[in-house]
Amino acid sequence: MKFRLLFGILLLAHALLLPHLSERLKQRSVEVKLGYIPHPQILKVSVADHSLPVAEAAVMKVLFYFGTLVEKFQENIVIRPEYLNMYRTLETAILLDPYNMDGYYFAQAAFTWEVGRVKEVNRLLEIGVENRQWDYWLPFYIGFNRAYFLKDFAGAAPYMKLAAERSGDPLFAKLAARYFYESKQTDLGLLFLDTIIAQTKDKAIKATYEMRRAALLMVTALEKGVAAYRSARGSNPERIEDLVTEGLIPEVPVDPYGGNFYLDSDGRVRTTSKLAEQPK
Amino acid sequence: MNPISIEGLTKVYRDKKRRRVTALQGLDLQIEAGEVFGFLGPNGAGKSTTIKTLVGQIQSTAGCAKLFGIAAGDPRARRRIGYLPENPSFYDFLTAKEYLSLVGRCFGMDRSAIERESERVLELVDLHPAAKRKIQGYSKGMVQRLGLAQTLLHDPDLFILDEPMSGLDPLGRALVKQVMIDLRRRGKTIFFSTHVTADVEAVCDRVAVLVGGKLQTVNRVSELLEKGIEGYVIQLPSATAGLWSDFEARPQSDDVCEVFVPRGKFNSFMAIAGREGVEVQLIEPRRRSIEQFFLEIVRRETE
Amino acid sequence: MPLPAVLLSAKRMSAHQFVALTLANLRMIIRDRVLHGVLGVAGVMLVLVPAFSSFSMRQSQEVAISLSLSAISLVLMVLTLLLGTSSIWRDIERRYTASIMTLPVSRVIYLLGKFAAMALFLLICAVILTAAGSLVVLLAATQYPSDLPISWGTIALAVLADLVKYLLLGGIAILLSTVSTSFFLPFFGTLAIYLAGSASQEVFEYVSGQFGQEIPALSLAAIKGTYYLLPNFAAFNFKVHAVYALQVQPGSVVFACIYAATYTGLLLILAAWSFNRRAL
Ligand SMILES: Nc1ncnc2c1ncn2[C@@H]1O[C@H](COP(=O)(O)OP(=O)(O)O)[C@@H](O)[C@H]1O
Ligand SMILES: [Mg+2]
């Protein structure tokens, strides 16, 4: 009887503790969440024949971590992400399993727009192009990165061609053609985002791409406003609010990255947020 | 060709610290066809060592042992024998029937023979009710009975039994003795070890005594019993008590008295009895038992 | 009554004994509670595969295949370890050998019977697990359409190669259990050889390259000697091929099988020698 009572009390105490446990663990610092992954050479030697699931697990770890970041970001809580650690982990995953599409896909999603590590991402993607010989997305990514971020149109061309060949899909041929002949960066970016969002199902990644797309749409709208202003008045507007007073746009949109849009001396649309950090 | 032939058999074990333990020293032994041979010795005498060498569980250090002329250790040597290990342990995840079937297959018996014979031997050792239960749940005595059944299954010519009575209740002991007597009647050879002299007296033709790894004697049991007669206890009417002043005499009851006559004086006793016309009521030989014989050898050897 | 034993030729009798002992040992394995537990865990692992693979962004099907293959491989390894390392020494300790080996059974037959029972059980498990794994993969493949076909043949081949690999490992376990009197040497010895044999190819390639010029010749020779002595489990890894539907070269499969056969044969002969000299 005594033991039953004791058991009941302990059980109750335990049940009361559980919610606090998960609360506490949620509060862990992000370093703890992402953790540390051993050197790929060591990992490869120690996981016997389970390198594929281990690679996938590493990608998942980064993905889940990234998911919490996106959540926080949408709630306007700014934390410094551990980009280096994330990148290392992804690189390890790719070295463990050079066929792992999730790794490439995530590298493309997380390290180009936000962080601008385009060259490093391309280096990873090259491994994928070599191994995943049937895959047309990877050359497409590289081509896009070269054209859009690095302005290396000549370097992008062969990859777009490769993507077109591998896919046999006219879409890529069309995209390739557009990349070579269109100079408008925002349109190029929108095109890429539309293509990729249609293929994305992961919520965190989709959210980042959609945020990016929304921002680019705003920029496009503002650019169109500026162009209309110029053709009507023959000069660039002084301030961005002039577009509203002229009735060219209903209101100045709010930069989803938390900055304010403004116009520079050449009349180009700028923002104070991270959005402005790339394609320069 | 003798069923068992052992010449100069020596076994030296190495213990955990690699020290030498001589368990058996130059054993010579011939077991003839059709005899029941008792292998008597105190604990640690080397009985099991000898038997394990015979059935190929261990290799001898020197000397040789043969079963029906085939070197012990060769699997073929075991085709005509039934062996019961000391404290046997069988595949206990099997039922008795399954185990007997495995044994039968290993002796090359066919399915119908296995079925028929396993029914027979299970019946014989009273295990029939438990035949379809796993051996895991058996008591020590039941396992021992199964061990006996397993030796009988393929009706071998030679039985090698290491302490077959140990772990059995009186019923079981009687059963084993009866089985041995029946086998002897059918002309089978039995070689069994024991440290119980009564068992030897009950069933053996010959007995060997092993002490400290050395063979002490080999005797016919009938000769031992005969040689062991020390004298006779004779019951006579009390009225004749006065005649026996040369002997130890004691009154047994009101009208019977008992006289002990040493073996050498039997004839002189008979002469008196004949002369006086005494009515002898009972004559019983008093013998030195095999137990005493055994104990004497052990005592002499360990001194 | 004639003695049936005398009527059979030695060869026929050995064959009878081999079959009888294999079946008896198979019964021992099948009636073992611990193994039921392991198979239960295997079932749970496979059931969880679709849930895990749904986290993948671009390769649910591939992740499902790789997780299933890894689960199967892991389970087969655990079974091999449990069965192989508890074989001969435990039979001696439980005095089963005193009753079985004193029938007219040679020790080689006994050893082969044990090995065959283990092999048969692993084969049965592999077949069942592969069937279950295939269902799981089919289920997971519907989550995200893959560019790649599911190559059932290669998947079966990957499991088969794993099976052959674990038979070799089982040979090692049995050899070690013939010399041991307890669980420790066979278990940890086999585990160590498994890990070393899985990593040896990586290490060998590493020291054969540039790094090898920096280490002393003697250590290099020792590493290479060990490499040739250890079983090379990398030869049996066709998981990448199965997951990404890559072409497997028939030569490498044949080579792996011959390699396993010779190595396992050598192990069993060594085990027989060692067991023959053992007191029971
Ligand atoms: N495996 C072994 N290692 C070392 N000594 C042993 C071993 N087996 C038996 N002995 C020793 O050999 C002697 C004979 O043992 P055994 O043949 O079993 O006697 P018993 O006559 O009681 O059957 C004993 O002193 C015993 O301690
Ligand atoms: Mg003994």
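Order of the sequence lines sets the chain letters (A, B, ...), proteins ahead of strands, with each chain counted from 1.
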May I ask you to test the [X]-[Y] pair for a side-chain heavy-atom distance under 4.5 Å?
X      : Y      : result
B:L102 : C:I100 : yes
C:D32  : B:F93  : no
B:K52  : C:L280 : no
B:Q57  : C:T97  : no
B:R105 : C:Q17  : no

Contact class of [X] relative to chain B, heavy atoms under 4.5 angstrom:
X      : answer
C:D91  : side chain
C:R95  : both
C:L23  : neither
C:R278 : backbone

Let me confirm one number: the [atom1]-[atom2] distance from [X] to [Y], rounded to the nearest 0.5 Å.
X      : Y      : atom1 : atom2 : result
B:Y91  : C:M28  : OH    : CE    : 5.0 Å
B:I81  : C:L103 : CD1   : CG    : 9.0 Å
C:T102 : B:L84  : OG1   : CG    : 9.5 Å
B:M109 : C:M13  : CE    : CE    : 11.0 Å
C:Y110 : B:C106 : OH    : SG    : 10.5 Å

Counting distance only, does the side-chain N/O of [X] pair as donor-acceptor with the main-chain N or O of [Y] below 3.5 Å?
X     : Y      : answer
B:R78 : C:M101 : yes
B:R76 : C:P104 : no
B:S89 : C:R94  : yes

At a 4.5 Å cut-off on heavy atoms, which part of [X] comes close to chain C: side chain, backbone, both, or neither?
X     : result
B:Y13 : neither
B:N87 : both
B:P88 : backbone
B:E98 : side chain

Step through the shown structure and confirm whether more than 12 heavy atoms of other residues, nucleotides or ligands are within 6.0 Å of [atom1] on [X].
X      : atom1 : value
C:F184 : CZ    : no
C:R277 : CZ    : no
B:K214 : NZ    : no
B:K97  : NZ    : yes
B:R14  : CZ    : yes

### Message
Let's go through C:S99 and B:Y83 carefully: what are the C-alpha distance in whole Å and the side-chain angles of both, what is the deciding distance for side chain to side chain contact (heavy atoms under 4.5 Å, CB included) to 0.1 Å, and is it a yes or a no?
### Response
CA-CA 8 Å; C:S99 53; B:Y83 168 54; over 6 Å; no
